[in-house]
Amino acid sequence: MLHFDPLDGGVEARVLILLETPGAGMTDDRMVSRDNPSGTSRNLVRFSEAAGLRREDTVLWNVVPWVVHAPGTANRPLRRREIAEGLTMLPGLLALLPRLRAAVLLGRPASQAEPVVRAARPKLPVFTAPHPSPTIVCTHPSVGERIVAALSAAAALVEGNESKGMSA
């Protein structure tokens, strides 16, 4: 199982960013991190900065939080069974994050978590956008814009709570 990045918000996070699955080459003992050496991580950093979403306000996770790729092979699409199994773990994860103000679901598999998130946290705003993989981002200029828009909406909720002096 993968772990939270200690440089992110951890259990104090206000925004959950849900991705798909650990990339090829990752091992089960690594953490989900924007510092991992991948184009997806670099894009996520760039888009988060453009959105004004601070790292310490976020926690990254995957809808399927384990490595599904055979060692030495390229990424492959997630299977429905894997997504369904990963979704069973999501309510437990959400219970660990009491300060959440938003969830951002990036990619089609992650977007399948929306009903689970809404059932577990009915008042939590949920935003969806494409996955920040370079393969997806390069398909059209609007892809990056849609990701930044979703992250910006989440950042606005965090900033709105802070500017009003509301405790989370």
Side-chain angles (χ1 to χ4, degrees), residues 1-48 53-122 124-139 143 146-147 150-151 154:
M1 189 65 67
L2 298 175
H3 309 282
F4 289 141
D5 186 329
L7 298 176
D8 290 352
V11 297
E12 298 296 316
R14 295 171 185 234
V15 177
L16 169 65
I17 299 175
L18 192 64
L19 298 159
E20 294 182 6
T21 191
M26 289 192 66
T27 59
D28 286 334
D29 61 348
R30 293 220 13 224
M31 68 182 113
V32 182
S33 175
R34 66 196 78 222
D35 296 329
N36 287 338
S38 72
T40 296
S41 295
R42 286 187 294 278
N43 281 341
L44 186 57
V45 167
R46 181 169 53 101
F47 295 142
S48 294
L53 185 58
R54 298 178 310 203
R55 180 178 190 157
E56 61 270 16
D57 286 328
T58 67
V59 66
L60 304 180
W61 201 247
N62 289 296
V63 69
V64 176
W66 58 87
V67 177
V68 298
H69 316 289
T73 63
N75 289 353
R76 65 162 173 78
L78 291 171
R79 296 182 177 111
R80 279 182 250 171
R81 173 187 47 78
E82 292 165 336
I83 295 169
E85 187 177 347
L87 290 174
T88 65
M89 299 176 173
L90 196 51
L93 173 72
L94 291 167
L96 296 174
L97 304 169
R99 298 187 64 175
L100 281 184
R101 295 293 167 256
V104 180
L105 315 178
L106 299 177
R108 285 186 187 152
S111 71
Q112 293 180 44
E114 187 169 357
V116 176
V117 173
R118 292 195 185 283
R121 302 284 284 276
L124 186 71
V126 177
F127 305 98
T128 61
H131 192 275
S133 160
T135 305
I136 304 297
V137 170
C138 74
T139 61
V143 172
R146 291 171 54 203
I147 296 168
L151 295 170

Listed partners of Ser48 passing side-chain hydrogen bond (donor to acceptor under 3.5 Å, both in side chains), at least two apart | none
Once you round to the nearest 0.5 Å, how far does [atom1] of [X] lie from [atom2] of [Y]?
| X | Y | atom1 | atom2 | result |
| --- | --- | --- | --- | --- |
| Phe47 | Leu53 | CZ | CG | 13.5 Å |
| Trp61 | Leu105 | CH2 | CG | 15.5 Å |
| Thr21 | Trp66 | OG1 | CH2 | 7.5 Å |
| Leu97 | Glu12 | CG | CD | 9.5 Å |
| Leu60 | Asp8 | CG | CG | 5.0 Å |

With [X], which residues qualify under side-chain contact (heavy atoms from CB on, under 4.5 Å), at least two apart?
| X | value |
| --- | --- |
| Pro115 | none |
| Val45 | Arg34, Glu49 |
| Arg121 | Leu94, Leu100, Leu124 |

Residue pairs meeting side-chain hydrogen bond (donor to acceptor under 3.5 Å, both in side chains), one or both in residues 38-47, sequence neighbours left out, come to Ser38-Ser41, Asn43-Arg46
Do you know which two heavy atoms are closest between Ile147 and Pro132, and how far apart they sit?
-> CD1-CA, 3.8 Å
Heavy atoms of Leu78 and Glu20 approach each other most closely as CD1-O, 4.0 Å
Are side-chain heavy atoms of Pro22 and Asn62 found at a separation under 4.5 Å?
-> yes
Taking C-beta and beyond as the side chain, do Leu93 and Leu16 meet within less than 4.5 Å on heavy atoms?
-> yes
Donor-acceptor contacts under 3.5 Å from residues 81-88 side chains, at least two apart:
from	atom 1	to	atom 2	distance (Å)
Glu82	OE1	Arg76	NH1	3.2
Glu82	OE1	Arg79	N	2.8
Glu82	OE2	Arg76	NH2	2.6
Thr88	OG1	Glu85	O	2.5

Could you give me the CA-CA distance, side-chain angles and deciding distance for Val117 and Leu90, then say whether side chain to side chain contact (heavy atoms under 4.5 Å, CB included) is met?
-> CA-CA 8 Å; Val117 173; Leu90 196 51; 3.7 Å; yes
Show which side-chain atoms of residues 106-114 pair as donor or acceptor with protein atoms under 3.5 Å away, not counting sequence neighbours.
from	atom 1	to	atom 2	distance (Å)
Ser111	OG	Arg108	O	2.7
Glu114	OE2	Arg118	NE	2.9
Glu114	OE2	Arg118	NH2	2.8

Residue pair Ile17, Leu151: steps toward the side chain to side chain contact (heavy atoms under 4.5 Å, CB included) verdict = CA-CA 9 Å; Ile17 299 175; Leu151 295 170; 3.9 Å; yes
Contacts of Arg146 that satisfy salt bridge (charged side-chain N to carboxylate O under 4.0 Å, His left out) - sequence neighbours left out = none
